[in-house]
2 protein chains.
Amino acid sequence: MNKKLYRGSLETIILKLLADNKEMYGYEITQVVKEMTSGTLELTEGALYPALHKLEGKGILSTETKNIGNRYRKYYSLTKQGKQQVPIIIEEMENYLKTIQIILNPKTA
Amino acid sequence: MNKKLYRGSLETIILKLLADNKEMYGYEITQVVKEMTSGTLELTEGALYPALHKLEGKGILSTETKNIGNRYRKYYSLTKQGKQQVPIIIEEMENYLKTIQIILNPKTA
DNA sequence: TTCACTTACCTAAGATTCTTAGGTATAAAT
DNA sequence: ATTTATACCTAAGAATCTTAGGTAAGTGAA
């Protein structure tokens with residue numbers, strides 16, 4: 001079973017989930033993706049956290065740290081700028097998927 | 001217009017084209033992809049040639065250099081090993097596309 | 001006939017984005 | 001008491017891309 005990510009899709013996945021769920025924390029994202037894809041897609045934390053930090057640095061995500069007992073969770077949500085960008089990024093991904101389909105399946109696509 | 005490749009798909013594209021076309025040379029691959037996708041996907045030679053060399057090094061592709069007047073073309077084709085691998089690689093890509101669709105479109109996918 | 005464009009190969013430096021492999025700490029379960 | 005799960009993180013290295021070149025022959029237009 002090949003569980004590697006095709007590079008470039010992680011960012012889109014994060015943004016789509018946050019568009020649907022308002023706010024999520026990192027670990028939650030890994031679990032939700034795993035559930036949604038029945039275990040096919042397992043995001044590694046070594047890829048996820050740097051990606052989240054990068055999106056925050058670009059002003060697309062903002063964070064709020066919440067205390068849960070003695071622990072904390074860092075919740076991410078889309079900024080106003082992020083909300084504007086998401087549909088564009090998702091459309092780019094969908095166009096790309098269609099384009100790949102043309103190559104993989106030139107008769108039906 | 002975003003023409004960047006989502007990383008990881010170039011190899012699959014090359015192998016699918018060679019499965020359909022028996023033999024092709026590098027420049028031809030860039031042109032065919034451009035035509036098939038109406039200009040959406042433009043493979044850069046800086047990505048393509050190293051990818052071809054890598055696949056040849058792994059024994060998946062073999063080459064035959066043909067003289068065209070004073071020039072030459074380097075034709076690539078699938079080895080026996082390559083022909084065995086292609087359907088597996090294509091299926092992996094298709095599974096991945098479906099998985100991404102689950103995230104992007106959780107209702108219909 | 002010269003100059004630009006296309007065809008056709010290539011490489012190298014740097015950027016990006018991933019994997020692998022850790023580390024830290026609390027909470028829950030065995 | 002120890003393992004597993006939750007929850008954050010980073011750093012080294014690998015892989016794969018972009019960008020920016022270089023070389024050379026064929027083609028077409030001014």
Side-chain angles (χ1 to χ4, degrees), chain A residues 1-15 17 23-35 39 41-58 60-61 63-76 89 92-93 96 99-100, chain B residues 1-15 17 23-35 39 41-58 60-61 63-76 89 92-93 96 99-100:
Chain A
M1 187 73 75
N2 179 11
K3 301 197 177 187
K4 84 174 169 198
L5 275 180
Y6 286 83
R7 301 184 175 206
S9 45
L10 175 57
E11 209 171 272
T12 308
I13 291 170
I14 292 169
L15 295 178
L17 288 178
E23 65 172 12
M24 299 179 82
Y25 54 99
Y27 186 79
E28 183 184 12
I29 293 175
T30 67
Q31 300 306 303
V32 166
V33 166
K34 199 172 168 184
E35 278 172 37
L41 205 56
E42 292 192 39
L43 304 187
T44 61
E45 299 187 345
L48 177 65
Y49 288 114
L52 288 169
H53 301 160
K54 186 190 160 200
L55 289 167
E56 186 183 6
K58 284 162 72 177
I60 293 178
L61 300 183
T63 57
E64 191 190 350
T65 299
K66 296 186 183 176
N67 290 317
I68 312 288
N70 277 3
R71 307 175 55 174
Y72 72 101
R73 282 184 193 152
K74 204 164 156 187
Y75 281 88
Y76 288 86
I89 290 166
E92 276 175 3
M93 173 65 88
Y96 187 74
T99 301
I100 296 296
Chain B
M1 186 74 74
N2 178 13
K3 300 196 178 188
K4 84 174 171 199
L5 275 180
Y6 283 82
R7 300 184 174 203
S9 47
L10 175 57
E11 210 171 272
T12 308
I13 291 170
I14 291 169
L15 296 178
L17 288 178
E23 66 171 12
M24 299 180 83
Y25 54 99
Y27 186 77
E28 185 184 12
I29 293 176
T30 67
Q31 300 306 303
V32 167
V33 167
K34 200 172 165 182
E35 278 171 36
L41 205 54
E42 292 192 38
L43 304 188
T44 61
E45 299 187 346
L48 177 66
Y49 287 113
L52 288 170
H53 301 160
K54 187 190 158 198
L55 289 167
E56 186 183 6
K58 284 162 73 176
I60 293 179
L61 299 183
T63 59
E64 191 190 350
T65 299
K66 295 184 183 178
N67 290 317
I68 312 289
N70 278 2
R71 307 175 55 174
Y72 72 101
R73 282 184 194 150
K74 203 164 156 188
Y75 281 88
Y76 288 86
I89 290 166
E92 276 175 3
M93 173 64 90
Y96 186 73
T99 300
I100 296 295

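Residue numbering restarts at 1 for every chain, and letters A, B, ... go by the order of the sequence lines. Hydrogens, waters and symmetry mates are skipped; everything else that's a heavy atom, side chains included, is used.
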key: Interatomic distance where OH belongs to B:Tyr76 and P belongs to C:dA8 [whole Å]   = 14 Å

request  = For B:Tyr72 and D:dA24, give me the distance from atom OH to atom P, rounded to whole Å.
outcome  = 11 Å

ask   = Expressed in angstrom and rounded to an integer, what is the separation of A:Leu48 atom CG from D:dA7 atom P?
value = 13 Å

message = Expressed as a whole number of angstroms, how long is the span from B:Asn67:CG to C:dA8:C1'?
response = 13 Å

task = Take nucleotides 20-30 of chain C nucleotide by nucleotide from the 5' end and write B, S or -, depending on whether a protein heavy atom sits under 4.0 Å from the base, only from the sugar-phosphate, or from neither.
result = B-----BS---

key: A:Lys58: side-chain contact (heavy atoms from CB on, under 4.5 Å) partners, not counting sequence neighbours   = A:Glu11, A:Lys54, A:Ile60

query = Counting side-chain heavy atoms from C-beta on, which of C:dC18, D:dC9, C:dA8 comes nearest to B:Tyr49?
reply = C:dA8

key: For B:Tyr27, all residues meeting ring-ring contact (aromatic ring centres under 6.0 Å, His included), sequence neighbours excluded   = none

task = Select from A:Arg73 and A:Pro50 the residue whose nearest nucleotide in DNA chain D is closer to the 5' end of that strand.
result = A:Arg73

note = So, with a heavy-atom separation below 4.0 Å from DNA chain C, the residues of residues 25-33 of chain A are none

request  = Please check the phosphate of C:dT17 (OP1 and OP2 only) for any side-chain N or O of A:Lys54 closer than 4.0 Å.
outcome  = yes

note = Taken in chain and number order and not counting sequence neighbours, the residues that satisfy side-chain contact (heavy atoms from CB on, under 4.5 Å) with B:Ile89 are B:Thr12, B:Leu15, B:Gln85

Partner set under side-chain hydrogen bond (donor to acceptor under 3.5 Å, both in side chains) for A:Glu64, not counting sequence neighbours = none

Minimal non-hydrogen separation, B:Val33 against B:Leu43, with atom names = CG2-CD1, 4.0 Å

request  = Could you tell me which residues satisfy ring-ring contact (aromatic ring centres under 6.0 Å, His included) with B:Tyr49, sequence neighbours excluded, listed by chain and number?
outcome  = none

Test log, rule side chain to side chain contact (heavy atoms under 4.5 Å, CB included), inputs B:Ile13 and B:Leu41 = CA-CA 11 Å; B:Ile13 291 170; B:Leu41 205 54; 3.8 Å; yes

Length of the CD1-C1' vector between A:Ile13 and C:dT17, whole Å = 13 Å

key: Atom-pair distance (CG on A:Leu10; P on D:dT16), nearest Å   = 17 Å

query = Whole Å only: how far is the NZ atom of A:Lys74 from the C1' atom of D:dT6?
reply = 17 Å

key: Rounded distance in Å - CD (B:Glu64) to C1' (C:dC9)   = 17 Å

inquiry  = According to salt bridge (charged side-chain N to carboxylate O under 4.0 Å, His left out), who are the partners of B:Glu23, at least two apart in sequence or on a separate chain?
reply    = B:Lys66

query = Is there a side-chain polar atom (N or O) of A:His53 under 4.0 Å from OP1 or OP2 of D:dC8?
reply = no

inquiry  = The criterion is side-chain hydrogen bond (donor to acceptor under 3.5 Å, both in side chains); which residues satisfy it with A:Glu45, sequence neighbours excluded?
reply    = none

